[in-house]
Amino acid sequence: MRIDIITIFPDYFAPLELSLIGKARAAGILDIRLHDLRSWTRDRHNTVDDTPYGGGPGMVMKPEPWGEALDTVTGGADAPPRLVLPTPSGTPFTQERAKRLSEEPWLVFACGRYEGIDARVVADAGRRMPVDEMSIGDYVLAGGESATTVIVETVSRLLPGVLGNAESAVQDSFAAGAMENLLEGPVYTKPAHWRDQEVPPVLLSGDHGAVDRWRRHEALRKTARNRPELLRELAARRLGELERSD
Ligand SMILES: Nc1cc(-c2ccc3ccn(Cc4ccccn4)c3c2)[nH]n1
């Protein structure tokens with residue numbers, strides 16, 4: 001997968017050199033390219049923002065640098081990329097959206113700052129490529145870089161060969177499958193006894209059926225405690241499946 005990131009803070013993405021993603025880039029699984037939006041400014045101050053039409057606080061990112069940056073980065077290719085634009089007003093980014101994004105050959109991330117990007121940039125880009133305006137949660141960041149890092153990390157770990165153990169991605173919370181939409185239960189490793197706490201004996205029993213049942217029980221308990229609304233959704237879905245099979 002190719003990922004292009006357009007930002008006024010390229011250094012923000014140094015963490016993508018590390019760990020799993022760094023290894024995936026070295027292995028050629030991921031091709032991440034950073035672009036400084038200011039490369040496409042024409043004035044000696046490299047201006048990327050201006051006051052909002054209609055008044056109001058803060059500044060808005062000017063359309064011209066974005067238009068030229070997206071033309072350069074996405075132009076000349078046979079098939080256009082999917083443009084991902086993190087924004088507080090986007091549709092929710094979920095594990096299911098991450099799974100779909102992980103099947104794309106090429107993603108371009110537009111990292112806004114200030115109060116956002118002139119709306120004509122998305123409209124113009126939408127004429128040439130699919131555009132996803134995405135929110136990673138109901139809170140307001142100072143810009144799109146953190147959101148882009150979250151989305152890139154979530155998507156990248158789903159790519160074959162990145163985790164090195166496809167199994168662990170499949171069993172994630174929110175991933176389809178036996179534990180669909182339940183939160184992860186507790187995990188343990190050696191030593192079996194630590195600071196007067198024992199690892200639950202079932203996990204040392206070698207009885208895989210009992211371990212699976214225990215893990216599902218713990219996942220249900222944690223979900224009921226921390227995200228009861230997910231259980232309501234799960235119950236409604238299972239009820240629908242049962243009624244359809246009747
Ligand atoms: N889930 C999310 C995404 C963001 C996000 C993404 C991109 C930008 C570009 C600018 N800002 C700041 C800002 C402030 C006020 C109104 C609009 N935007 C961003 C915030 N916050 N929370």
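All values reported here derive from a predicted model rather than from experimental measurement. In each ligand, atom 1 is the first atom listed, and ligand 1 is the first ligand listed.
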Which ligand 1 atoms are under 4.0 Å away from a heavy-atom of [X]?
X    : value
G137 : 1 (N)
P86  : 6 (C), 7 (C)
Y139 : 1 (N), 2 (C), 21 (N), 22 (N)

- Check each heavy atom of S89 against ligand 1 and say whether those closer than 4.0 Å belong to the side chain, the backbone, both or neither.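 No part of S89 comes within reach of ligand 1.
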
- Task: Measure I136 to ligand 1 on non-hydrogen atoms and call it side chain, backbone, both or neither using the 4.0 Å cut-off.
- Result: both

Pairing donors with acceptors under 3.5 angstrom, does anything connect the side chains of [X] and [Y]?
X    : Y   : value
T149 : Y12 : no
E145 : T7  : yes
W106 : D4  : yes

What protein heavy atom is closest to [atom], reported as residue, atom name and distance in Å?
atom                    : result
atom 14 (C) of ligand 1 : V140 CG1, 3.6 Å
atom 21 (N) of ligand 1 : L141 N, 2.9 Å
atom 11 (N) of ligand 1 : Y114 O, 3.7 Å
atom 19 (C) of ligand 1 : G143 CA, 3.7 Å

- Nearest 0.5 Å, what's the CG-CD distance between N181 and E229? 10.5 Å

Under the 3.5 angstrom rule, does the side chain of [X] hit a backbone N or O of [Y] as a donor-acceptor pair?
X   : Y    : answer
R38 : N46  : yes
R25 : L16  : yes
R2  : P105 : no

- Query: Would you say S135 and ligand 1 have an N/O pair spaced under 3.5 Å apart?
  - Reply: yes

- Item | Option set G112, P88, G58, criterion heavy-atom distance to atom 4 (C) of ligand 1, minimum |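 Ranked by closest heavy atom to atom 4 (C) of ligand 1, first place is P88.
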
- Item | Candidate with minimal heavy-atom separation from atom 16 (C) of ligand 1, of E133, M134, E145, E115 |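 Considering heavy atoms of E133, M134, E145, E115, the nearest to atom 16 (C) of ligand 1 sits in E115.
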
- Message: Can you confirm whether more than 12 heavy atoms, excluding those of D78, are under 6.0 Å from its CG atom?
- Response: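 It does not: D78 CG has 12 such atoms or fewer within range.
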
